[in-house]
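Chain identifiers are assigned alphabetically (A, B, ...) following the order of the sequence lines, protein sequences preceding nucleic acid strands; residue numbering begins at 1 within each chain. Only this structure's heavy atoms are used, side chains among them; waters, hydrogens and symmetry mates stay out.
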There are 4 protein chains.
Amino acid sequence: MNQFRETFNKLSPEKQGRILEAAIDEFAGHGYDSANINSIAQKAGVSVGSIYNYFESKEDLYLAVVHHAVETLKAALEDIVTREDDLFKRIEMILRSIQTFTRRYVNLTRLYNEMTTESRSDLTWTIVSKMEGVTAELYASYIKEAQENGRVRPDIDPKYFAFFLDNLFVQLQFAYACDYYKNRLKMFVGEDALDNDELMVEQLMKFIRGAFCLQ
Amino acid sequence: MNQFRETFNKLSPEKQGRILEAAIDEFAGHGYDSANINSIAQKAGVSVGSIYNYFESKEDLYLAVVHHAVETLKAALEDIVTREDDLFKRIEMILRSIQTFTRRYVNLTRLYNEMTTESRSDLTWTIVSKMEGVTAELYASYIKEAQENGRVRPDIDPKYFAFFLDNLFVQLQFAYACDYYKNRLKMFVGEDALDNDELMVEQLMKFIRGAFCLQ
Amino acid sequence: MNQFRETFNKLSPEKQGRILEAAIDEFAGHGYDSANINSIAQKAGVSVGSIYNYFESKEDLYLAVVHHAVETLKAALEDIVTREDDLFKRIEMILRSIQTFTRRYVNLTRLYNEMTTESRSDLTWTIVSKMEGVTAELYASYIKEAQENGRVRPDIDPKYFAFFLDNLFVQLQFAYACDYYKNRLKMFVGEDALDNDELMVEQLMKFIRGAFCLQ
Amino acid sequence: MNQFRETFNKLSPEKQGRILEAAIDEFAGHGYDSANINSIAQKAGVSVGSIYNYFESKEDLYLAVVHHAVETLKAALEDIVTREDDLFKRIEMILRSIQTFTRRYVNLTRLYNEMTTESRSDLTWTIVSKMEGVTAELYASYIKEAQENGRVRPDIDPKYFAFFLDNLFVQLQFAYACDYYKNRLKMFVGEDALDNDELMVEQLMKFIRGAFCLQ
DNA sequence: AATGAATGAGCATTCATTCAT
DNA sequence: TATGAATGAATGCTCATTCAT
């Protein structure tokens, strides 16, 4: 499963970064099929030939990009989760991280949306499954722990609630990064929804706390 | 909308249906760019020339398909919402409808995911916005009404909670129809997640009730 | 084994001819790999797209061309062979036909040489084998018949002699059509070798008669 | 020939051999255009850069390979021809040499076939002409000598008969080395044609003796 | 109105050749 | 001298769109 060739790894991090960024840009903005390898090469300031020295094919490049995106997201998540120990503090941290992360890496989030598309799902699932698995496991265990501590109601299935929680996270990510979901967010809560991060956290924390706790 | 669409509307409903279905199939399965007009024509049993008599361009056909999808979804929603009057009964009805509807119209749901993709969002938002607007309005008003009746906690913003609620709906739809989200669901709650509709409703209703009510 | 699609057969013979001729030209002159589909299309006065409507791929077009070449050669041979009944008269007729045929269809003969090349042999043998089989059978039976009539020495294997005979034919074809073999012929018998058809027939008939008869 | 070839000649014979063999392999198996310089370098265990230090271009390498092939063939021929003095003993020796040589140097023979192809003929003729010239001269002189000794019929043109003789040799070479001609041989004389060298020599000697002698 | 053959711009990919190390 | 990464022109093939019938 060499998503990318040895040759790419030998490149300077700066160059690797330029190529990955150019590719993310293109794939996130145009989708896999309309993405143009020549454009990616041009944006990255390398020749097409070089792209094909680093990656076997368009698909291979796409997979490398997805792999990179997943690694970046995973790193961000791990960073958060180890810094807190209370379930709701963790959740709040995640929400705030989503707000900063999705704005910093808009295209990465857009790419994630693109990836879930039917035509690409086979390709990407193998790569992404690992991360989703880790997340699922992690959330469920935190919820269980909180149940044992009596901070979360005992009559729920941690696995299902982990799923619902992550669903809210995913949708929040899209709402901050993808035009369609941005528009949808504005339609639901108003034009200035994207400017009031604090209110979003406050309301969503109320929603989640309510869902998890017997007050 | 334009001279071309008129010619399409004059067609027998049966033929219209064949063409729309073929197009939904193709767009949902391959994405906009990889969708092949010639394949659509063949699947629908008409000539390419005819497709171009009915629709100005690939984009126009895509928009017509999206429009049709939205109308179908809207009709389904309206049907539900008018049959009940309690907020939570309505929500439960919607959940069950999502379960049957997404299985019956798999490709419609897949198309909805495809639509939200960055490369297509400009195109589709104009069409979809109306429906999303109606939904947003409706949910918010139901929540407000329930707040006034004391069935929903008073310290929340109905608009935000409508948004979170719909997010859960959207994610549920994808989980039942799109391969990527199907896999993700299985990863979170187990391999047989798709076979236990009752449990899903039960858990999700607990989640939602908890979020909305002060017990 | 549809060497070419239905669509090609529906074309006017004139257009079919133009395309085949352009393709023979290109394949014979540049070899399979360097042959340029765009050039073929241009020479034939059709679009590249059309070429790909008629033939699935470059390989498919090549096979169609080879098929056509074989059919043309077969027709020429059959014509000759049925017009005479004496072995040596037949051979002489064939020699003279080679002289006119290879000059009229230079590229067909060049293509035949190209076809025998290692990189193409798998591709073409299936198509050509039938014709070579017919030829082998035919020549051997004529020789056998002549042996029975006492016109050919009895102590030879008709199959081997048919092979040697055909070898001389093949080399003669190449000598009249392919530059390399033309040069070689000139080197062996002199600069004006190609202008003295009568002498070639005379000498070659002596060679062959000698080989076959006990004087 | 030029500054580049000199660098090649300075190489150890072992390295020269590796490069030539790799190149012969590639050119014989894929044809000139599809032959890949990078593959040749890899097979030979040197870098592409080195190949381009030794040879000016792909064409130059090809020519060097052809030159080498010709030299190898010439050496083999000279060896035979000086060891016998009777025309027919020489011919028989040549036939047997073809049988061993073409099996030992399959790719060399395949390359010879490839060389005669139209697209390559200009390129190669200058190099090969010398050898073909020597051969032509040699055979004709032997035949003339044999005519003078009364062992060959006087009423034939030695040049033409030298040509026919060499044609039989060329075709025999191909029949033992090139897949297309192998198949053709089997078609003419049977599946086990390649296993019965003695019978081939016997029959072909009968054919040739008959052609040359007045019995 | 319906057809489907014809078009040609557009794109992924290859590979001979160069040149900095 | 040897290396092999970088280059970019060249080409097979696709497919939305047109239009004569």
Side-chain angles (χ1 to χ4, degrees), chain A residues 5-8 10-11 15 30 32-42 45-61, chain B residues 7-8 10-11 15 30 32-42 45-62, chain C residues 5-8 10-11 15 32-42 45-61, chain D residues 7-8 10-11 15 32-42 45-62:
Chain A
R5 298 197 185 168
E6 269 307 293
T7 48
F8 182 66
K10 280 186 198 151
L11 258 38
K15 198 169 188 178
H30 299 279
Y32 178 81
D33 286 297
S34 288
N36 184 322
I37 297 282
N38 291 276
S39 297
I40 293 174
Q42 200 161 25
V46 298
S47 68
V48 227
S50 287
I51 296 282
Y52 278 87
N53 282 338
Y54 310 143
F55 305 97
E56 269 184 339
S57 62
K58 187 181 188 178
E59 194 169 300
D60 196 38
L61 170 58
Chain B
T7 61
F8 180 67
K10 280 186 199 149
L11 257 39
K15 198 169 189 179
H30 299 280
Y32 178 81
D33 286 297
S34 287
N36 186 323
I37 297 282
N38 290 274
S39 296
I40 292 173
Q42 200 162 25
V46 298
S47 68
V48 229
S50 289
I51 297 279
Y52 277 86
N53 284 337
Y54 309 144
F55 304 98
E56 256 187 338
S57 62
K58 187 181 190 177
E59 197 170 296
D60 194 40
L61 170 59
Y62 182 73
Chain C
R5 299 196 184 167
E6 271 306 294
T7 47
F8 182 67
K10 282 185 197 151
L11 258 37
K15 198 169 188 179
Y32 178 81
D33 286 296
S34 288
N36 185 324
I37 297 282
N38 292 278
S39 297
I40 292 173
Q42 200 161 25
V46 299
S47 67
V48 224
S50 288
I51 297 281
Y52 279 88
N53 282 338
Y54 310 142
F55 305 97
E56 270 184 338
S57 62
K58 187 181 189 178
E59 195 169 299
D60 196 38
L61 170 58
Chain D
T7 61
F8 179 67
K10 281 186 198 147
L11 258 37
K15 197 168 188 179
Y32 178 81
D33 286 297
S34 288
N36 185 324
I37 297 282
N38 291 274
S39 296
I40 293 173
Q42 199 162 27
V46 297
S47 67
V48 230
S50 289
I51 297 278
Y52 276 86
N53 284 336
Y54 310 143
F55 304 98
E56 257 186 337
S57 63
K58 188 182 190 178
E59 197 168 297
D60 193 42
L61 170 58
Y62 182 74

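- Between the CG atom of C:Asp33 and the P atom of F:dT11 there is a distance of 12 Å, given to the nearest Å.
- The NZ-P distance, from D:Lys58 to E:dA16, rounds to 4 Å in whole Å.
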In B/S/- notation (B base, S sugar-phosphate only, - none; protein heavy atoms under 4.0 Å), nucleotides 1-8 of chain F written 5' to 3' is SBBB-BBB
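- If you take CZ of B:Phe55 and P of E:dA1, they are 14 Å apart, rounded to a whole angstrom.
- Nearer the 5' end of DNA chain F, as judged by each residue's closest nucleotide, is the contact made by C:Ile37, out of B:Tyr32 and C:Ile37.
- In this structure, A:Ala35 reaches the sugar-phosphate backbone alone: every heavy-atom distance under 4.0 Å involves primed, P, OP1 or OP2 atoms, never a base.
- At F:dT14, none of the side-chain N or O atoms of B:Asn36 fall inside 4.0 Å of OP1 or OP2 (strictly under the cut-off).
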Strand DNA chain F as a dot-bracket string - pairs counted if Watson-Crick or G-U with both distances under 3.5 Å, | where the partner lies in another strand: .||||||||||||||||||||
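- Checking side-chain atoms of C:Lys15 against main-chain N and O of C:Val46 turns up no donor-acceptor pair under 3.5 Å.
- In terms of the side-chain hydrogen bond (donor to acceptor under 3.5 Å, both in side chains) criterion, A:Ser39 has no residue partners (sequence neighbours excluded).
- No side-chain donor from either of D:Asn53 and D:Thr7 sits under 3.5 Å from a side-chain acceptor of the other.
- By the 30° and 60° cut-offs, the orientation of the rings of A:Phe8 relative to A:Phe55 is tilted.
- At E:dT14, none of the side-chain N or O atoms of A:Tyr52 fall inside 4.0 Å of OP1 or OP2 (strictly under the cut-off).
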